[in-house]
Each structure stands twice: as C-alpha cells, then as structure tokens.
Amino acid sequence: MTVTVTVTATPPAAPSSVCTRGTAGTRMTAKEWAVEVYRGTGQLSDETLTCYLKLAHKTSKVFPELTKASSLGKAYRVLKAPKGARAKLDRALLAAWLNWAHGATSTLAPVQAAEKVRLTAKASSASLKKATAALGK
C-alpha cells in the first residue's frame with residue numbers, strides 16, 4: 001500500500017495594521033476633508049482615512065447611530081451635505097473628529113459639547129448654529 005501526501009505552503013498572514021491617531025500639525029476644514037475623503041483625490045491614503053473614521057466611530061456618540069458615516073462614500077456625503085442647521089453641525093462634527101484622529105487637535109471638549117446638542121431631539125436652530133460655530137474655533 002502506498003500513501004501519497006501533497007503539502008502546499010500557505011503564505012503567512014499579513015500582520016494586522018494597528019489603527020492609531022496621526023501626528024498632523026494643522027487642522028483642515030470640512031471642504032478640505034471632503035477632498036481627502038473623495039477616493040483618489042487627497043494626500044492621505046484610503047486606508048488611513050478609513051482608520052480615522054473607525055477612530056471617530058469608537059469615540060463619537062453621534063456618528064454610529066445618527067449619521068452612519070462609516071465608509072468613505074458616506075463620510076463624503078456628510079461632508080458635502082445640503083444646507084440646514086443639522087447638516088452643517090454634522091459636517092462640522094465629522095471634520096472635528098477627523099482633525100482629532102489626524103492629530104491636528106488634542107482636546108475633545110468642544111466636540112463632545114456639540115455632540116450633546118446634536119443628540120438633543122428638539123434642538124433649536126439657534127443652538128445648532130451656536131454648536132457649529134464653537135467647533136470652528
């Protein structure tokens with residue numbers, strides 16, 4: 001009796017990349033982030049941007065539940081959203097979270113305060129505008 005065994009080598013699994021915050025020095029506007037997020041147009045790779053979105057989702061209370069900006073395409077739609085107080089606040093919040101993930105800002109106090117306003121179901125237009133303006137500073 002003869003037994004033949006065939007062995008094929010499998011390539012080693014690629015090491016999983018660790019998603020960490022960047023070390024940028026300057027903040028970007030929502031318009032600049034929209035250019036970055038649009039596939040193939042910015043300086044940052046899609047993998048880096050996806051990492052930044054994951055960091056924002058882990059830390060934010062707004063994006064997983066309300067805006068669902070989990071992919072680059074959905075994030076682009078939030079950053080280029082039509083006019084309206086809530087849409088402007090979403091745009092400013094996403095830009096603020098991306099700036100934090102990129103390392104351009106270290107404090108989250110204004111972002112968390114703006115998120116509280118965004119989570120309020122009956123927030124007035126004035127309070128939404130005030131929260132948006134606070135994120136721009």
Side-chain angles (χ1 to χ4, degrees):
M1 177 183 279
T2 305
V3 177
T4 305
V5 177
T6 306
V7 178
T8 57
T10 58
S16 73
S17 61
V18 177
C19 186
T20 59
R21 288 182 61 210
T23 57
T26 58
R27 293 174 27 183
M28 290 195 283
T29 64
K31 187 180 274 189
E32 291 169 327
W33 277 114
V35 170
E36 287 293 331
V37 169
Y38 192 78
R39 294 196 183 267
T41 58
Q43 301 294 321
L44 300 172
S45 70
D46 288 350
E47 292 81 22
T48 301
L49 292 167
T50 302
C51 170
Y52 289 170
L53 286 174
K54 286 179 185 178
L55 288 173
H57 277 86
K58 287 180 183 177
T59 313
S60 173
K61 294 177 183 169
V62 170
F63 289 102
E65 293 86 17
L66 297 178
T67 60
K68 296 181 174 72
S70 58
S71 68
L72 294 178
K74 290 178 182 178
Y76 179 77
R77 280 184 233 122
V78 170
L79 291 167
K80 296 296 278 186
K83 295 180 181 179
R86 214 169 276 283
K88 286 181 182 180
L89 181 55
D90 285 346
R91 184 179 319 134
L93 276 170
L94 182 55
W97 278 116
L98 289 171
N99 280 322
W100 172 80
H102 194 45
T105 184
S106 60
T107 181
L108 289 178
V111 180
Q112 291 168 339
E115 279 198 341
K116 285 182 183 177
V117 173
R118 177 59 176 91
L119 290 170
T120 304
K122 294 184 179 184
S124 68
S125 180
S127 65
L128 293 170
K129 287 178 184 179
K130 184 177 178 182
T132 302
L135 288 174
K137 294 179 183 178

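The figures here come from the full heavy-atom set of this structure, side chains too, leaving out hydrogens, waters and symmetry mates.
With sequence neighbours excluded, the residues forming a side chain to side chain contact (heavy atoms under 4.5 Å, CB included) with T20 are V18, listed by chain and number. Every residue meeting the side chain to side chain contact (heavy atoms under 4.5 Å, CB included) condition with K80, not counting sequence neighbours, appears here in chain and number order: A34, Y76. In this view, T50 satisfies the side chain to side chain donor-acceptor pair (under 3.5 Å) rule with no residue, not counting sequence neighbours.
No side-chain heavy atom of V117 sits less than 4.5 Å from a side-chain heavy atom of T132. D90 has its side chain out of reach of L94: every pair of non-hydrogen atoms, C-beta onward, lies at least 4.5 Å apart. Put simply, the side chain of L55 reaches to within 4.5 Å of the side chain of R21, judged on heavy atoms.
Looking at every heavy atom in both residues, L72 comes nearest to V37 through O-CG1, 3.0 Å. Closest heavy-atom contact between S124 and S127: O-OG, 2.9 Å. When all heavy atoms are compared, the tightest approach of L128 to R86 is CD1-N, 4.0 Å. When all heavy atoms are compared, the tightest approach of L135 to P110 is CD2-O, 3.7 Å.
A donor-acceptor pair under 3.5 Å is formed between the side chain of E36 and the backbone N or O of L44. Panel note: side chain T120, backbone K116; a donor-acceptor pair is recorded below 3.5 Å.
Residue pairs meeting the ring pair (Phe, Tyr, Trp, His ring centres under 6.0 Å) criterion with at least one partner in residues 108-131, sequence neighbours excluded, do not occur; the list is empty. Residue pairs that meet the ring pair (Phe, Tyr, Trp, His ring centres under 6.0 Å) test with at least one member in residues 105-130, sequence neighbours left out, do not exist here.
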In residues 95-105, what donor-acceptor pairs under 3.5 Å come from side-chain atoms, sequence neighbours left out?
residue	atom	partner	partner atom	Å
W97	NE1	E115	OE2	2.9
N99	OD1	M28	N	2.9
N99	OD1	W33	NE1	3.0
N99	ND2	M28	O	2.9
N99	ND2	A95	O	3.1
H102	ND1	Y52	OH	2.9

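Taken from OG in S60 to CZ in R118, the straight-line distance is 10.0 Å, to the nearest 0.5 Å. Atom CD of Q112 and atom CG of L93 lie 11.0 Å apart (nearest 0.5 Å). The line from NZ of K31 to CZ of R91 is 10.0 Å long, rounded to the nearest 0.5 Å.
Under a hydrophobic clustering in which Ile, Leu, Val, Met, Phe, Trp and Tyr are joined whenever their side-chain heavy atoms come within less than 4.5 Å, directly or via other members, V35 and L53 fall into different clusters.
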